[in-house]
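Working notes for the structure below.
In what follows, chains carry the letters A, B, and so on, assigned in the order in which the sequence lines appear, proteins first and then strands, with residues in each chain numbered from 1.
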Amino acid sequence: MKYNHLELEKKWQEFWYSNKIFRTPDLDELDKTKPKFYVLDMFPYPSGDGLHVGHPEGYTATDIIARYKRMRGYNVLHPMGWDAFGLPAEQFAIKKKINPRVGVLECINRFRKQLQSLGFSYDWDREVNTTDEKYYKWTQWMFLKIYNSYFDEKEKKAKPIEELEIPAGLTEDEKYEYINSKRLAYLSDSPVNWCPELGTVLANEEVPEQLEKGYTVVRRPMKQWSIRITKYAERLLEGLEKVDWPENIKKLQINWIGRSEGAVVKFKIKNFDLKVLEVFTTRPDTLFGATYMVLAPEHPLVNEITTEECRKEVNKYIEDSATKSDIERTELSKTKTGVFTGAYAINPVNNSEIPIMIADYVLLSYGTGAIMAVPGHDERDMEFAIKYKLNIIPVVVPEYLKESAIKYINSESKIIDDELQKYFDDVREGKICFVDDGYSINSGFISGMSTKDAKETIIKWLEENELGKRSVNYKLRDWLFSRQRFWGEPFPIIHLENGKIKALDEKHLPIKLPDVKFFRPSGTVESPLATIEEWVNTIDPDTGMKARRETNTMPQWAGSCWYYLRYIDPYNEEIFCDKKKENYWMPVDLYIGGAEHTVLHLLYARFWHKVLYDLGYVSTDEPFMKLFNQGIILGEDGVKMSKSRGNVINPDDVIKEYGADSMRMFEMFLGPLEASKAWSTEGLAGINRFLNRVWRLIINEETGELNSNIYDEEPPLEIKRLLHRTIKKITMDIEDGDMKFNTSIAQMMIFINEMYKQKTLYKSVLETFIILLYPFAPHISEELWNKFGNNDSLAYHPWPEYDEELTKADRVTIVFSVNGKVRGKREMDANLEDKVLEQAALEDPAVQRHISGKQIKKIIVVRNKMVNIVV
RNA sequence: GCCCGGGUGGCGGAACUGGUAGACGCGCAGGACUUAAAAUCCUGUUGACCGUAAGGUCAGUAUCGGUUCGAUUCCGAUCUCGGGCACCA
């Protein structure tokens, strides 16, 4: 009987799934004396193309861990679900004139079947689907929680809006406005990223991806929902210190959040005594070098301060930059442009009057939307100053000029040496722009101080004189949360006839998508939902007032912000997840997925989780303790798989020809999980050959019985040693979390190769090997385990322990080298005395050849390893 | 430009806290079995040179330099590939 993967894999999949072998019992039924392990995959978007070979990579890794942990006696939670809202499904539905729901269900069924054909040990009873009303009811519920919360600046956490202190003496309308201005979810009418091809707005985080696909993104003002993720910037940074994530992933999030420390400085405006212009700077120590100011063209003060002579030009500039998209602004940015407003600001440190410009290299959305320009020490300001012939003052010198600078500062008569003079001239002429830390100069009371001290001193001075204060800024922007799509979660929001916005009560949830046969794009900037009159027009259930539903839908990221919580309690209709269950299973112990979600999904989900934590719905403030990013699997030609290149490998074909076990093992054998690796059909055949070797080692292909050379006897010491080394290697590989299963498989191959050299085989040894193989290739392992006469499944069979003593070799090869060059080696007993090794080395004929006639200077002995003779 | 990772045979990749570089697999070559082929099994496989051979010598982990008895591993500089950010003041 040959190794028939088709038959045998079908058999065991049926056994696992129909008997619900991997069902994780409900909390009450669980043996809580056992430790828990929650191992999570990033759930897929069930696309029409079916499973990609990239999916099983991470899923195999988590499956190995999940199966291993069960054998180790853990209560394991290992679920799977579908992130099924999103653009492709919607576009497909428009083309086919169907409701996306129909297409999505087909895709999901196909995906589930494919995943099951790989034998993954998910608890399918916990499957979730973000587009299911029963699921998105809770997504909407969480939106309401966010909407009905504000951020308490003192406690640095979200609180219910009812607890918000409202200033006294406000009218009803003012109160309404005030509360709305504090909500964590808010409507704003600001420039957003509009993608005409997709007919929707995009979050900042999504823009690069769409541009890469060749779509255009333009800036246009629209009324949009945003979520105040920026309030959590600091906590999102702090949280990263508590989790076990790869350093580079942390770095990416840190950069994305983009924290910078500095100060806000207030500048008075000449002839506008009451107006104050605030700027954010990370270099308050260069304040003495500020020779002009720049406002973003959209800055609210521009209109007021512009003088009549300059108005025409200023207005033209504002108009021009408004029509430019962000990309155009960036592309044209190689040559900075700007115009003079005619107004002057007063530098608070020296009362000098400096011109106020507007330029689109200053962004309204960062800091205060205005800057003080220090052209001597900022490259952008320098470029601009040269072009518009603005004054440049050197106020920082590099380390090498420290001595000269001190002399210059301390002398009455301003002695200046040639080097310093040259530096001053170069800076003034725009030849040098020194942006690093150094020592202040030409800066009044901070002259001579190091940049660090100068910053501190000037901030203190600013604060004492109420001219500014210490400040921290983030690159992170609020999360643009609405999309003009049909296929997404509707907002539980209505717009009343009286112009007010109202959030519906949770008892009205879910707000279902209209059950239309098909729909058309609106043809405008509105969602297709806007065209479905019977859905849009509604009445306020509380007052009976006429109202229109919010027609925007939530972004795809919404549903994936909390799916890991729903798995814990998927059928609960009272709450999204029971607190006791949440408390038992959370946090996620291991989370594996692609690196493309580093800044989007992972940042949003962490934020979402923190809000739920603040409001008391979850017990941890970080959801994912350990994160691992798998690399991508490239085509056989070493480039990304794509239909157009024709290098796409279909998992179904692979499973059919070689089997799920071969597919799983091959993907693990390719290399470390995090690396990008090229597919190789020949490599796959190699793994299949290995599994065939395992099969034939144990099974007589003619009779289908166990091979006759397998004896139920005590194995010799050497075999035992090899077995225990193998157990140790595989155990350590799984335990250490590096996800390098390629070396585990290599060890299995070494083991099997050695067995092939043996005349006599031992049942206990081979059985133990089968247990080790099981997490990697579960189907063949179950079958062989069965063939050995065992009636139980390996799913919960105890993992073998290794004996440390047996993993140590009793004979070791000692290397003899002369001057670091290997000259000889000998196999010797382990743990011999240094003297013995030294003697053996000196006796070695090859060594003698190399040391004869030379003076021995030194002998270095490394126990069990080597002897090095220095001559 | 800035911030992260990497560069090891023909290929994918191994190498513990500095101690035999190239585990394991693929490919290739040779052999066994076969009428033959496939499959399978065995052997070899970093390069150059010397030797009929056993064997030996030298070079070698992107490049150059340093620390060390000894460096793929540590340090510095350079080249290069991949990823991320990109007027963020």
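In this structure, A:Ile249 places its CD1 atom 14 Å from P of B:G83, rounding to the nearest Å. Taking atom CG of A:Leu634 as the reference point, atom P of B:G82 lies 12 Å away to the nearest angstrom. As rounded to whole Å, 13 Å separates atom P of B:G25 from atom OH of A:Tyr756. Atom P of nucleotide B:A89 and atom CG of A:Leu364 are separated by 16 Å, given to the nearest angstrom. Distance A:Asp733 CG to B:A23 P: 18 Å, rounded to the nearest Å. Taking atom CE of A:Met382 as the reference point, atom C1' of B:C87 lies 16 Å away to the nearest angstrom.
Considering only side-chain N and O atoms, A:Lys858 lies under 4.0 angstrom from the phosphate OP1 or OP2 of B:C69. Proximity of A:Arg693 to the phosphate of B:C41: a side-chain N or O atom is located under 4.0 Å from OP1 or OP2. When the side-chain nitrogen and oxygen atoms of A:Asn742 are compared with OP1 and OP2 of B:G25, none of them lie within a distance under 4.0 Å. Residue A:Arg863 has no polar side-chain atom (N or O) positioned under 4.0 Å from OP1 or OP2 of B:G19. Contact between the side-chain N/O atoms of A:Arg823 and the OP1/OP2 oxygens of B:G56 is not found at any separation under 4.0 Å. Contact annotation: A:Asn753 side-chain N/O to B:G25 OP1/OP2 distance is under 4.0 Å.
Of the inter-residue distances, the one linking A:Ile254 atom CD1 with A:Ile249 atom CD1 reads 11.5 Å to the nearest 0.5 angstrom.
When the P atom is used for both B:G84 and B:C11, the distance is 26 Å, rounded to whole Å. Going from the P atom of B:G13 to that of B:G83 covers 16 Å, rounded to whole Å. Separating the C1' atom of B:U52 from that of B:C41 is a span of 31 Å, rounded to the nearest Å. When the C1' atom is used for both B:G65 and B:C2, the distance is 27 Å, rounded to whole Å.
Residue A:Ser365 is out of contact with every strand shown, counting any heavy-atom pair closer than 4.0 Å. A:Val870 comes within 4.0 angstrom of the backbone, heavy atoms only, and of no base. Nucleic acid contact class of A:Asn248 (heavy atoms, under 4.0 Å, all strands): sugar-phosphate only. Note on A:Lys857: nothing from the nucleic acid sits closer than 4.0 angstrom, heavy atoms only. A:Met866 comes within 4.0 angstrom of a base, heavy atoms only. Within 4.0 Å of A:Ser260, counting heavy atoms only, lie sugar-phosphate atoms of the nucleic acid but no base atom. As judged by a 4.0 angstrom heavy-atom cut-off over every strand, A:Gly686 is placed among residues touching the sugar-phosphate backbone only. Across all strands shown, A:Ile750 has heavy atoms under 4.0 Å from sugar-phosphate atoms exclusively, and none from any base. Contact annotation for A:Asn473: no contact, since no heavy-atom pair falls under 4.0 Å across all strands.
Salt bridge status for A:Glu667 with A:Lys677: absent, with no side-chain N to carboxylate O gap under 4.0 Å. Ion pairing between a basic and an acidic side chain is recognised when a charged N comes within 4.0 Å of a carboxylate O; A:Lys728 and A:Glu804 show such pairing.
Pairing for B:G47 goes to B:C58, judged as Watson-Crick or G-U wobble with the two contacts each under 3.5 Å. B:A14: no Watson-Crick or G-U partner with both key distances under 3.5 Å is found in any strand. Of the nucleotides present, B:U40 is the one that pairs with B:A32 by Watson-Crick or G-U wobble criteria, both distances under 3.5 Å. Base pairing of B:G9 is not made with any nucleotide, judged by Watson-Crick or G-U wobble geometry with both donor-acceptor distances under 3.5 Å. Of all nucleotides present, only B:A77 satisfies the Watson-Crick or G-U wobble test against B:U63, with each distance under 3.5 Å. With a 3.5 Å ceiling on both atom-pair distances, B:C87 lacks any Watson-Crick or G-U wobble partner. Under the Watson-Crick or G-U wobble criterion, with both distances below 3.5 Å, B:U72 has no partner in any strand shown.
In this structure, A:Arg606 forms no cation-pi arrangement with A:Trp256, as its terminal cationic atom is not both closer than 6.0 Å to the ring centre and no more than 45° off the ring axis.
For the pair A:Thr337 and A:Tyr388, the tightest heavy-atom approach, listed with the atom from each and the gap, is CA-OH, 3.4 Å.
Mapping A:Ile869 and A:Ala675 onto RNA chain B by nearest heavy atom places A:Ala675 closer to the 5' end of the strand.
Between the side chains of A:Asn753 and A:Arg693, at least one donor-acceptor pair of N or O atoms lies under 3.5 Å. When only modelled atom types and interatomic distance are considered, A:Asp478 and A:Ser226 share no side-chain donor-acceptor pair under 3.5 Å.
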